[in-house]
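For reference, the structure is listed below as structure tokens.
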Amino acid sequence: MRIRTIKPEFWTHPVMSRQTDAHQLLAIALLNYADDDGLFYADPDLIRGAIAPRKASSKIHGLISDLSLQGYLILGKHKTHGLIGKI
């Protein structure tokens, strides 16, 4: 497993610095969740299970959509794997 770090520029990035704490935390969590190419399964239930397994409910779907609209990630649909994302 590859160890990933957050660069100091993350906090002052023009887009990310305006996001809520929840958006920023999800963005960081997705860096850990994604593979080395930045790809990940964008199913909110899978993401919640991987990054917040003990939380009963989550707003991950809306947060993912918001991060996509902000340009932090790209969402797409794979013909066999369903919704996927790329950071």
Side-chain angles (χ1 to χ4, degrees):
M1 179 183 293
R2 188 175 143 199
I3 296 174
R4 293 167 174 88
T5 59
I6 306 302
K7 293 183 180 179
E9 296 84 22
F10 177 87
W11 305 108
T12 57
H13 186 275
V15 173
M16 291 312 298
S17 63
R18 287 179 285 168
Q19 302 303 313
T20 66
D21 291 346
H23 286 89
Q24 291 176 344
L25 185 59
L26 179 62
I28 292 168
L30 288 174
L31 290 174
N32 290 124
Y33 181 65
D35 68 12
D36 290 345
D37 294 321
L39 297 170
F40 61 94
Y41 293 115
D43 180 311
D45 291 331
L46 292 176
I47 294 170
R48 187 196 54 77
I51 68 171
R54 296 185 180 198
K55 294 198 177 184
S57 64
S58 181
K59 300 176 182 177
I60 290 179
H61 179 73
L63 296 173
I64 291 172
S65 296
D66 291 347
L67 290 175
S68 176
L69 290 173
Q70 295 295 329
Y72 180 76
L73 54 91
I74 299 168
L75 294 175
K77 197 154 212 163
H78 189 274
K79 60 183 176 181
T80 60
H81 291 82
L83 193 59
I84 58 170
K86 179 168 176 62
I87 298 174

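- Under the 4.5 Å side-chain heavy-atom criterion for Ile, Leu, Val, Met, Phe, Trp and Tyr, L63 and I74 are members of distinct hydrophobic clusters.
- Side-chain N or O atoms of S68 include none that pairs as donor or acceptor with a backbone N or O of I64 at under 3.5 Å.
- I28 and V15 sit in two unconnected hydrophobic clusters of ILVMFWY residues. Membership requires side-chain heavy atoms under 4.5 Å apart, directly or through other members.
- Remark: the backbone N or O of M16 is not paired with any side-chain donor or acceptor of Q70 at under 3.5 angstrom.
- Criterion: ILVMFWY side-chain heavy atoms under 4.5 Å apart, direct or through other members. Under it, L69 and L25 are not part of a common hydrophobic cluster.
- Under the 4.5 Å side-chain contact rule for hydrophobic residues, I47 and L75 share a cluster.
- What you find for S17 and Q24 is that their closest heavy atoms are CA-NE2, 4.0 Å.
- Across all their heavy atoms, A42 and G85 have their closest contact at CB-N, 3.9 Å.
- Residues in residues 19-53 take part in these ring pair (Phe, Tyr, Trp, His ring centres under 6.0 Å) pairs, two or more places apart or across chains: Y41-H81.
- Taken to the nearest 0.5 Å, the CG atom of L39 stands 11.5 Å off from the CG atom of L73.
- Contacts classified as salt bridge (Lys or Arg N to Asp or Glu O under 4.0 Å) and involving residues 75-87 (residues at least two apart or in different chains) are not found.
- Sorted by first then second residue, the salt bridge (Lys or Arg N to Asp or Glu O under 4.0 Å) pairs that include residues 17-39, not counting sequence neighbours, are R2-D36, R4-D36.
- Linking Ile, Leu, Val, Met, Phe, Trp and Tyr residues whenever their side-chain heavy atoms come within less than 4.5 Å places L31 and I60 in a single cluster.
- One distance of note links CG of L26 with CD of Q19; it measures 10.5 Å at 0.5 Å rounding.
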